[in-house]
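Scroll down for the structure; my scribbles are underneath it.
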2 protein chains.
Amino acid sequence: MSKPAKPRYRQLKELIIGQISAGELRPRDRVPSENELVDATGVSRMTANRALRELNDEGYVERVAGVGTFVSDFKAVSHVLEVRNIADEIERRGHNHTAIVLVQEKSAAAPGTARALRVDEGTEVFHLVLIHHENALPIQVEHRCVLMEFAPDCLQQDFTAITPSAYLSAISPLQEAEHVVRAVMPDAEIRNSLEMGDHEPCLLVSRRTWAHGRTVSFARLYHPGSRYELSGHYVPPGTEAFSRAGEYNDE
Amino acid sequence: MSKPAKPRYRQLKELIIGQISAGELRPRDRVPSENELVDATGVSRMTANRALRELNDEGYVERVAGVGTFVSDFKAVSHVLEVRNIADEIERRGHNHTAIVLVQEKSAAAPGTARALRVDEGTEVFHLVLIHHENALPIQVEHRCVLMEFAPDCLQQDFTAITPSAYLSAISPLQEAEHVVRAVMPDAEIRNSLEMGDHEPCLLVSRRTWAHGRTVSFARLYHPGSRYELSGHYVPPGTEAFSRAGEYNDE
DNA sequence: TGCACTAGCCTGTATATACAACCTGGGGGG
DNA sequence: CCCCCCAGGTTGTATATACAGGCTAGTGCA
């Protein structure tokens, strides 16, 4: 008994997603046009159109009438849980971003990290610790572990020039991301690094990213509670955007 | 000079969204079938199909082959920033939810609240304060302000039986939502309500919701940092789901 | 009464065709 | 040399048509 047989527009979508995942199509590359897909696969143009249109709606590609279809940068894929690059975020606010690298080494994965990355405890991974500054004020401590096979030249990178997040996006097409947000009290090291007062809480974002179905990286991002917030809003498609939230304290 | 004229499938979508927003079509109501739309508006069935299909993709409606198209509940609209109903969330974990109502009154909006709701300072609004428990352990303090015109019978509701979030969803189709997440230290009242230790931080979620383009409600949701986390992950459509994150601490 | 089957409506997909709008590059005129 | 304009490729939309598959209600038979 044969399977229900996936519809052809779906097969086309998966073909293209597969090429993006495999790295054959990289961000900003041109995707075959509708007519080229028609010639190559024998479907009708409306079917190719539907495949590309849905890939566009889902953020995989961006289409420009009269020009063509191009692979998106990952950030465009996810307006769900945006994979924030702290440097972009700061620059979008018109501020200046700088970073200090505290640790950049190969070391054995600690138990929690090993579980997060789904590797055996003690597996060697790249370990990074950075402090990110916004206008000279520390805004994030980044503890990151990266699987060695995905970024063999990790120790040679200058992470004051390009953030680990941007570096990983560049070398590997990120496909899945998971965030867990918690409020925690920082230990002395984090508190010092972020120049925080006593009894001031941290917003801790734990982020795992995947590519090709495998975990690539696990990061713990600590932010001073008094200087950082996460925000997001949902606007149904077709509605006009509205202004962002500010601070709303009643005292 | 006339406008570019929106495409007809878009007009159709907006027509139906409008009827949902206006309450003419309520959740679980049947939406006209493709052929009915063809007869009513003169478009071709493919055009009606595209309108309904996109409304389905966007979560406004749900379609069942052979049966029809039906208006969704709001929760399905946003898998972007899910509008969490704490009671549903707790029940999904298989736990027991109870709530205590501390305040349920009409009062003047404080400055920050007035700004968040975009009303004049001192405007009378409904003010609610609840403590939500998960298996008898306090998990959330909810400070909520609701515009009176949207919920005139707010003072008569029994919010131990139905959460304010569910109540508001039921009386008005929520369309836009905004969340801001911060780590803060609780004041004594919150700390007591949540049975928290000293120097333990709170995860504060500020949420505004809109309907019909107007702000409906503004809520501050305080959670004990040691017992609560927010999580979300992005998986591109077509990929198999993967297991959720747990706790990853290295000490 | 109760069961099986079918007619009919609904959505899902696929195709061929047509025209509009957009963008780029190149050729021709000033 | 520069600018304008147009040809051709590309996406965006609309339509008519066709067939497949899911679901329901009602018919009719046992």
Side-chain angles (χ1 to χ4, degrees), chain A residues 1-17 19-20 25 27-73 76-77 237-238, chain B residues 1-17 19-20 25 27-72 76 237-238:
Chain A
M1 175 175 99
S2 68
K3 289 193 176 180
K6 289 183 183 174
R8 302 184 76 172
Y9 80 93
R10 223 173 239 289
Q11 293 177 33
L12 253 186
K13 285 173 65 178
E14 287 172 10
L15 176 72
I16 294 167
I17 289 175
Q19 291 178 343
I20 295 174
L25 286 174
R28 312 210 53 85
D29 277 359
R30 184 172 174 283
V31 176
S33 74
E34 294 178 2
N35 282 319
E36 288 167 348
L37 289 174
V38 167
D39 294 342
T41 68
V43 301
S44 79
R45 200 197 130 211
M46 285 305 297
T47 301
N49 174 275
R50 178 166 179 185
L52 290 178
R53 177 158 43 83
E54 291 196 359
L55 288 175
N56 176 263
D57 293 342
E58 292 161 11
Y60 285 101
V61 302
E62 282 164 32
R63 314 194 75 193
V64 183
V67 182
T69 302
F70 304 89
V71 178
S72 299
D73 295 330
V77 170
Chain B
M1 181 174 95
S2 70
K3 288 193 176 179
K6 289 182 182 172
R8 303 183 74 170
Y9 80 93
R10 222 174 240 291
Q11 292 177 31
L12 253 184
K13 284 173 66 178
E14 287 172 11
L15 176 72
I16 293 167
I17 290 175
Q19 292 178 342
I20 295 174
L25 286 173
R28 312 210 53 85
D29 277 359
R30 185 173 173 281
V31 176
S33 74
E34 295 178 3
N35 282 318
E36 287 167 348
L37 289 175
V38 168
D39 294 341
T41 69
V43 301
S44 78
R45 188 174 84 93
M46 285 306 296
T47 301
N49 175 274
R50 179 167 179 185
L52 291 177
R53 177 157 43 82
E54 291 196 359
L55 289 175
N56 177 262
D57 293 342
E58 292 160 13
Y60 286 101
V61 302
E62 282 163 32
R63 315 194 73 194
V64 183
V67 182
T69 303
F70 304 89
V71 178
S72 301

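In this structure, the side chains of A/Ile16 and A/Leu52 come closer than 4.5 Å at one or more pairs of heavy atoms.
Projected onto DNA chain C by closest heavy-atom contact, B/Leu52 and A/Val43 fall at different nucleotides, the more 5' of which corresponds to B/Leu52.
Considering all non-hydrogen atoms of both residues, A/Ser72 and A/Gly59 come closest at OG-O, 2.9 Å. In terms of heavy-atom proximity, B/Leu37 sits nearest to B/Pro32 at CD2-CB, 3.9 Å.
Distance A/Arg10 CZ to D/dA20 P: 21 Å, rounded to the nearest Å. Taking atom CG of A/Leu12 as the reference point, atom P of C/dA14 lies 9 Å away to the nearest angstrom. The distance between atom CD of A/Gln11 and atom P of C/dT13, rounded to the nearest whole Å, is 12 Å. B/Glu62 places its CD atom 14 Å from the P atom of C/dT11, with the value rounded to the nearest Å. Between B/Met46 atom CE and C/dG12 atom P the separation is 11 Å, expressed in whole Å. Regarding B/Leu55, its CG atom lies at a distance of 12 Å from the P atom of C/dG12, rounded to whole Å. Across the protein-nucleic acid pair, B/Asn35 atom CG and C/dG8 atom P stand 15 Å apart, rounded to whole Å. Spacing between atom CZ of B/Arg53 and atom C1' of D/dA14 amounts to 13 Å, rounded to whole angstrom units.
Among C/dT15, C/dC10, D/dT13, the nucleotide with an atom closest to any side-chain atom of A/Asn49 is D/dT13. Among C/dG12, C/dC10, D/dA14, the nucleotide with an atom closest to any side-chain atom of B/Arg63 is C/dG12.
Salt bridge status for B/Arg30 with B/Glu36: present, with a side-chain N to carboxylate O gap under 4.0 Å. B/Arg53 has no carboxylate O lying under 4.0 Å from a charged side-chain N of B/Glu34, or vice versa, which leaves the two without a salt bridge. With respect to B/Glu14 and B/Lys6, a salt bridge is recorded, a charged nitrogen being found less than 4.0 Å from a carboxylate O.
Taking the ring centre of A/Tyr9 as origin, the terminal cationic atom of A/Arg50 falls inside the region bounded by 6.0 Å and 45° from the ring axis.
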For this session: Would you sort out whether A/Tyr60 and A/Ile17 count as a side chain to side chain contact (heavy atoms under 4.5 Å, CB included), showing the intermediate values?
Result: CA-CA 8 Å; A/Tyr60 285 101; A/Ile17 289 175; 3.8 Å; yes
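The side chain of A/Thr47 contributes an N or O atom lying less than 4.0 Å from OP1 or OP2 of C/dT15. Close to C/dT11, at under 4.0 Å from its OP1 or OP2, lies a side-chain N or O of B/Thr69. The side chain of A/Arg50 places no N or O atom within less than 4.0 Å of a non-bridging phosphate oxygen (OP1 or OP2) of C/dA14. A/Tyr9 has no side-chain polar atom (N or O) that falls below the 4.0 Å cut-off from OP1 or OP2 of C/dA14. For B/Ser33, a side-chain nitrogen or oxygen approaches OP1 or OP2 of C/dC10 to under 4.0 Å.
Put simply, the side chain of A/Thr69 never gets that close to the backbone of A/Ser33: no donor and acceptor are under 3.5 Å apart.
Listed by chain and number, the residues in a side chain to side chain contact (heavy atoms under 4.5 Å, CB included) with A/Val64 are A/Val67 (sequence neighbours excluded).
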Write out a two-atom table: protein N or O, nucleotide N or O from nucleotides 19-23 of chain C, distance below 3.5 Å.
none

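Where the helix from C/dT1-D/dA30 to C/dG30-D/dC1 starts and where it ends, the local axes point in directions that differ by 10°; five pairs per end, rounded to 10°.
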